[in-house]
Amino acid sequence: MSSAPLVDLLRGEVLEIAPALLGWTMLVDGVGGVIVEVEAYREDDPASHSYGGPRGRNVVMFGPPGFAYVYRSYGVHWCLNLVCEQEGTGAAVLLRALEPTHGLEEMRKRRGLDEPRLLCSGPGRLTQALGVSGEHDGLPLDAAPFSFFPPVEPVPAVATMRIGITKAVEQPWRFVAAGTRFVSRGPTG
DNA sequence: GTATTGATCTTCT
DNA sequence: GAAGATCAATACA
């Protein structure tokens, strides 16, 4: 299974995992693209859902690495995280943007858009384009419908301040692939 | 081009 | 009852 290296990677430290995820290709049911923007969250991060320990929807974040944590944002959108480190650590990486490469037509149909740039350039857009929803919460990442492929060549990561949150915004835990234009707003977007 | 607001669900107070 | 890891539409300049 091509996803084994991914689960291996996710066992490390989340602040090292996040930039290392850039350049990976992620597909859900054959539809997806290259990861170009991610954000790290930990239990000791006031902005993280895992802050304060496991309770409610966040229990998946405290499970073993290599699983998906999907939650609803503002009652409108879904957001997809990859659980990291070890069982009980409450660390995860939020996928914020992809560069669409597979299943473009399917994504355009789901998003109702023509502009490839806007198909996956944001956490909510990404999940809609890939068809990810609450049904995927807690699913293993090394089994269908998920598939991951390592970068062909290393992608330079740029660390920036975080976006869309109100606590610990100054932590440079948002990582963007250098030079891409398929990200939500920021220094390289 | 930037600024503001509505949509609508889960969790916490 | 209020806030939040968002997006898209609207109102301005």
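Just so we're on the same page: letters track the sequence lines, and every chain starts at 1. Excluded from the calculations below are hydrogen atoms, water molecules and symmetry mates; all remaining heavy atoms, backbone and side chain alike, are included.
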Undergrad: Could you please name the option among dC7(C), dA5(C), dT8(B) that lies closest to any side-chain atom of V76(A)?
TA: dT8(B)
Undergrad: Starting from P on dA5(C), measure out to CE on M161(A) and report it in whole angstrom.
TA: 16 Å
Undergrad: Go through dA8(C), dA5(C), dT10(B) for me and flag the one nearest to the R57(A) side chain.
TA: dT10(B)
Undergrad: Would you say R125(A) places a side-chain N or O within less than 4.0 Å of OP1 or OP2 belonging to dA8(C)?
TA: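 Result: yes.
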Undergrad: Starting from C1' on dA5(C), measure out to OH on Y69(A) and report it in whole angstrom.
TA: 9 Å
Undergrad: Before accepting this row, confirm whether a basic side-chain N of the pair E85(A)/R11(A) lies closer than 4.0 Å to the acidic partner's carboxylate O.
TA: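 Result for this pair is no, no salt bridge flagged.
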Undergrad: Write down the distance between CG (D45(A)) and C1' (dG4(C)), rounded to a whole number of angstrom.
TA: 14 Å
Undergrad: Which nucleotide in the set dA5(C), dC7(C), dA7(B) lies at the smallest distance from any side-chain heavy atom of H49(A)?
TA: dA5(C)
Undergrad: May I ask you to verify if any side-chain N or O of T166(A) is less than 4.0 angstrom from the OP1 or OP2 atom of dG4(C)?
TA: yes
Undergrad: Is there a Watson-Crick or G-U wobble partner for dC7(C) with both distances under 3.5 Å, and which nucleotide is it?
TA: dG6(B)
Undergrad: Going by modelled atom types, is there a donor-acceptor pair between the base of dA5(C) and the side chain of Y74(A) at under 3.5 Å?
TA: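 Side chain to base: no pair below 3.5 Å.
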Undergrad: Whole-Å distance between dT6(C) C1' and R96(A) CZ?
TA: 9 Å
Undergrad: Donor-acceptor pair, distance only, cut-off 3.5 Å: does the side chain of R111(A) make one with the backbone of M107(A)?
TA: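 No; zero donor-acceptor contacts below 3.5 Å.
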Undergrad: Taking atom P of dC7(C) as reference, at what distance in whole Å does atom CG of L118(A) sit?
TA: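 Roughly 11 Å, once rounded to whole Å.
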Undergrad: Measure from CG on N81(A) to C1' on dA5(C) and round the result to the nearest Å.
TA: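 Distance, rounded to whole Å: 8 Å.
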Undergrad: Would you indicate, yes or no, if dT11(B) has its OP1 or OP2 atom less than 4.0 angstrom from a side-chain nitrogen or oxygen of R72(A)?
TA: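 Indeed not, no polar side-chain atom of R72(A) lies that close.
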Undergrad: Has the side chain of W24(A) got a donor or acceptor atom that lies under 3.5 Å from a matching backbone atom of A20(A)?
TA: yes
Undergrad: Is the backbone of Q86(A) close enough, under 3.5 Å, to the side chain of T89(A) for a donor and an acceptor to pair up by distance?
TA: yes
Undergrad: What integer distance in Å separates E39(A):CD from dG4(C):C1'?
TA: 14 Å
Undergrad: Evaluate whether the aromatic ring of Y71(A) and the six-membered ring of the dA5(C) base sit under 5.5 Å apart, centre to centre, with an inclination under 30°.
TA: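 It does not: the two rings, one from Y71(A) and one from dA5(C), miss the stacking criterion.
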Undergrad: Round to the nearest Å and state the distance from R55(A) atom CZ to dT10(B) atom C1'.
TA: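 My rounded result for the distance is 13 Å.
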Undergrad: Taking only Lys NZ, Arg NE, NH1 and NH2, and the carboxylate oxygens of Asp or Glu, determine whether D45(A) and R162(A) approach each other closer than 4.0 Å.
TA: yes
Undergrad: Applying a 4.0 Å non-hydrogen cut-off, can you work out what R162(A) is touching in the nucleic acid: base, sugar-phosphate, or nothing?
TA: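 Result for R162(A) = nothing.
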